[in-house]
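Notes follow once the structure below has been shown.
Just the heavy atoms: all of them, side chains too, but no hydrogens, waters or symmetry mates, feed the values below. A, B, ... follow the sequence lines: proteins, then strands. Residue 1 opens every chain.
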Amino acid sequence: MSTSHPAETDADAESDSSRESFTGQGLPRVEDHRILTGEAEYIHDITPENCLHMALVRSMHAHADIVSIDTEEAEAHPDCELVLTAEDIKSEYNPMPTGVGRIATGEDGEPAALPEWALADEKVRFVGEPVVAVVASDRYAAEDIADLVDVEYEAMDAVADGMAAREDEVVLHESVGSNVVDNERLEFGDPDAAFEDADHVVEGEYTWGRISGVPLETAGAVATYDEESDSFDIDCNIQLHTLVDNMIYETLGYEADDVRVNVPADVGGSYGTKIGIHRYCCLTSMASQQLERPVKFEEDRLENLQGGDMHSSDREYQMRMAVDDDGTMRGLDVWFVDDFGAYPRYPINQVLKPLSVLTNSYEIDDVTYEYDLVLTNKTSQTAYRGFGVDPHIYALEMIVDEAARTLDMDPTEFRRRNLIRPEQMPYTLPSKNLYDSGDYPATLDRIEEIIADERDGGLLDPDVVAAKREEGKYRGVQPSVIIEPGASGSDWTDRQRTDKEDLADRSRDEVEELPEHLRAEIREDGSIHAFLATDSSGQGHQTLVSQLLADELEVLPSDIEVGYLDSVDAPTEYGSAASRMAVMLSGATVGVAERLLANVEELAADHWDVSTDDVTYHDGTVDRLGGDGSLSLAEIAELDAETNAAGERRTRVSYNYDHPATDLEEFDEALTQKFPVYPTAAFGANAPIVEVDVNTGSVEILTFHTVRDCGTMLNPMIVEGQAHGGIAQGIGAALLEEFGYEEDGQPQAITLFDYLLPSIENVPEIEMEHTETPSPFTETGAKGVGEGGMIDAPASIATSINAALDPLSVEEPASQIPVAPDHLRKKLRESEQ
Amino acid sequence: MSTDSTDGAAERPTEEITVIVNGEPVTAEVEPRLKLSDFLRYECDLHGVRVGCEHGVCGACTVQQDGRSTKSCLSYAVQADGAEIETVEGLAEEETDSLHPIQEAFHETHALQCGFCTSGFVMATKELLEENPDPTREEIEEGLADNICRCTGYQNIYEAVERAADAMED
């Protein structure tokens, strides 16, 4: 049911001389050839001459004092080049920046020091925490040497449960004195009145297990210190390399310009998680500085899963909803604990973004939102696709289901009655973010039509459903409409480090939003080169820019090459995160093209000594109006080179596309109050048809119906690819994946035999339809798509499991994510008793 | 902190092997513990062989050994002595720079995103189509169940395999 047919459109587009637009077509990607032939250089492939290799000695204890570290035998190994401990790095470098907003230290609220060194200092706080780094000629030898390091520990009690950690019986950081390092309670509207007046108050508790992106390519870093310039060159696969590079240069104690962070054009997946890999960049840099040789570290999979600083949200929710007999949602009360692991990871955590979609697709005016951010003896959290929205939407959809049961109302009808209507758009949420556009009731109608077809001779045919139940297999589906907030702003991201009382008087002038930067130049051979200031990890940014720029400049995508800037050459901009790039890069591309064309016309006008009104640009050529003469882009570039010095070339331009909320007064309150600002709201309705085997507790998704709207589709092939991938990750989250921990903090999932990624056998046929409601707030009408699927699939699968098991009156069967067979079997057996 | 410049590297046992890699014999002295994947990546400079897990789950390192798919991270180079290995680098027509039909199909159907798993999938597809030139969706599922893709959701990979099957039949 796919609406795009990429390959066919490509051929037509390239050969069509009537200048059909490339934008909106499924142009196959320019990135593919090098990847398919094995020519792509990922970080693992980068090994400079003379390079040494690092291995890490990691803690096997969740919580222990380091009594002693004996490195003598390791140093005596003939292949050993260097051994580093915390003691060594503390004398020359800084701790890695850690950050939550206000680290709770008591009434006066003075922040306490909570240093995180790149190697554990005096104490280990999670299994897998690096304690010693060793460097040798190759990784095999480095691992041999790591085995020779003798670390003596004194094990301590550990705490590996967020709710339990709040009791502070075991405290991770003595300098703080409490494991609860941040808390905020927000009230919107008048929730007290809503809960008092409503006919019913419904309560539920929901658990979102620790999952993550688990990219197939692990983290890697290759650092080279240059003594002459006293500076570092670091190749690594970190995400947001221009934003989080301070994690590296501040740790090293250098200025930004002295630490060049370069991300290869090809990164083997990130999904947000590689934002947190600066530890490896720092350690290789330190080693390189000590040895004056390049040093490389390639994380292995076991390291990645247990101690790779890459886990994501881990939440316990207590939700309440106030509802009236007629099915009106009156109030919402969200309370949760987020288990953050051993250190509060910088730069921002994932508890605030859900405010941007606080009530999902429903109109609820009176809401409270409160969280405790808690440290435990687990791997620290980093970002993951969805940035904490996925658990929120899941918990909210669960309480909606529970409310429908309480009211004895059809859950779809209950949802429909409360949907935000198209005439309310743009719609302001209680938490002050805006939904830009969309028709949610129509989307629910469409997905219901699709399900109706399934009920009529399809997977949900009543006869089939009844026969399956005889076998103990329960089928069901429960659709809902879910929002994907896109194109994050950045000003809100330091809300937790801001004195809230100052916000009341904050003016709009104080708001600083980050644009997206793009450069382009015309070369003397007529080719056009553009440069991204952000890194990519498979999203096809090069294709997107070449496609849009081709339209703007009226040339072919094959005339355009797109490269990348490193952290020194690129301005510090926000980059690839938060479903942001299609919106921001398309805006930046339009801007850069306009600037380039204006300059090209000026150059031509100057050459002919006429006014710019007397020249016109089309199809890669400037013509002189009413006279002879035309100049190709190549000739213009030559003219420019002849007449202008390198620094003043007019065929080289850059452009910053401002964040869409920057000039919109609709966002005044959100921006000045530092509430999450996501000016695009992609949306969609899902209807995964699930089949639960009540004997085993296993859940199979028979087919995944989805109707999606991301505004203008710039490249439908990439849009669909993002959605497919997001949904697959959502399926993994909903049914398979979990970083389980023993009570003593020992991780249970340290191989891919324990941490189950969805294979082709777990992902069903995805039946996808699209609608296009352009965003009124963005240059091209595009909305974000990067996190969809992961945000919405877990909630939709969980509601469908509820629906499937409705006849059995199991109490909240999907109250724990993942709905793994053992969890669900337990629930089913309890309900039988 | 201590540095120790090496006067002489540790005595590490080696063995001479000869492996036919993409049609060319490669002779090398290797440690018996050197993984086949590392041999191909570092001794033969074939970076299309990707290492994702080193415990045989993800399939990114899949190559063909004597015509059969094998996970090169799960065996040692010495075990491949005398064997014929084919990697993704051996597929494209070098002279004409034209992609193999499987590679072409992956490109056309957007069956790759970050691409880290792609060479493994392409090599697994090659074996699948050699054994079964016209596989059903169930057979594709079975044939590719040993490989993990974290980006595409597999949807377009089905399409790619079917398209490649059609192209190779012609």
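With respect to the salt-bridge test (charged N to carboxylate O, under 4.0 angstrom), the residues A:D138 and B:R12 qualify. A salt bridge does not link B:E54 to A:R139: none of the charged nitrogens lies less than 4.0 Å from a carboxylate oxygen. A:R708 and A:E720 are not joined by a salt bridge, as no carboxylate oxygen comes within less than 4.0 angstrom of a charged side-chain nitrogen. For B:E108 and B:R163, the salt-bridge test passes: some basic side-chain N is under 4.0 Å from an acidic carboxylate O.
If you measure heavy-atom distances from A:I718 to chain B, the contacts under 4.5 Å come from both the backbone and the side chain. For a residue to count as touching a neighbouring chain, one of its non-hydrogen atoms must lie under 4.5 Å from one of that chain's; by this rule A:A136 does not touch chain B. For B:F121, no part sits under 4.5 Å from any heavy atom of chain A, backbone or side chain. Within the 4.5 angstrom heavy-atom criterion, only side-chain atoms of B:D38, from C-beta onward, approach chain A. Contacts of B:R33 with chain A are made by both backbone and side-chain atoms, with heavy-atom separations under 4.5 Å. Contacts between A:P764 and chain B at a heavy-atom distance below 4.5 Å involve the backbone alone (N, CA, C, O). Neither the backbone nor the side chain of A:E39 comes within less than 4.5 Å of any heavy atom of chain B. Within the 4.5 angstrom heavy-atom criterion, atoms from both the backbone and the side chain of B:A145 approach chain A. Only the backbone of B:V51 comes within contact range of chain A, with at least one heavy atom under 4.5 Å from a heavy atom of that chain. For B:R150, the parts lying near chain A are the backbone and the side chain together; criterion is any non-hydrogen pair under 4.5 Å. Contact annotation for B:L91: neither backbone nor side-chain heavy atoms come within less than 4.5 Å of a heavy atom of chain A. The contact between A:D144 and chain B is made entirely by side chain atoms (from C-beta outward), counting heavy-atom distances below 4.5 Å. Proximity to chain A involves both the backbone and the side chain of B:L34, based on heavy atoms less than 4.5 angstrom apart.
Of the listed residues (B:E141, B:Q155, B:E138, B:E31), the one with the most heavy-atom contacts under 4.5 Å to chain A is B:Q155. The residue among A:P215, A:A728, A:A141 with the most heavy atom pairs within less than 4.5 Å of chain B is A:A141. For the set A:D32, A:D45, A:I35, the entry with the most heavy-atom pairs within less than 4.5 Å of chain B is A:D45. Each of B:C53, B:G90, B:C149, B:G48 has some count of heavy-atom pairs under 4.5 Å with chain A, and the biggest count is that of B:C53. Across B:T118, B:T152, B:I157, the residue that shares the most heavy-atom pairs under 4.5 angstrom with chain A is B:T152. If you tally non-hydrogen atom pairs under 4.5 Å between each of B:C151, B:G59, B:A92, B:S119 and chain A, the highest count goes to B:C151. When each of A:V214, A:D300, A:I727, A:T218 is scored by its heavy-atom pairs under 4.5 Å with chain B, the top score falls to A:V214. When each of B:Y154, B:F106, B:Y42 is checked for heavy-atom pairs under 4.5 Å with chain A, B:Y154 comes out on top.
Side-chain contact of B:E15 with B:Y76: a donor-acceptor pair under 3.5 Å is absent, judged by distance alone. Side chains of B:E89 and B:T87: a donor on one and an acceptor on the other come within 3.5 Å. For A:E31 and A:T543, the side-chain atoms include at least one donor-acceptor pair closer than 3.5 Å. Between the side chains of B:E159 and B:T109, no donor-acceptor pair is found at a separation under 3.5 Å.
The minimum heavy-atom distance linking A:G730 with A:A793 is given by the pair CA-CB, 3.9 Å.
Side-chain atoms of A:N304 and A:M310, non-hydrogen and from C-beta on, do get closer than 4.5 Å to each other.
By the 30° and 60° cut-offs, the orientation of the rings of A:Y42 relative to B:F116 is perpendicular. Taking the six-membered ring where tryptophan is involved, the planes of A:Y271 and A:Y384 are perpendicular, since the angle between them exceeds 60° and thus also 30°.
The 12-atom threshold is not exceeded at CD of B:E142, counting heavy atoms of other residues, nucleotides or ligands nearer than 6.0 Å.
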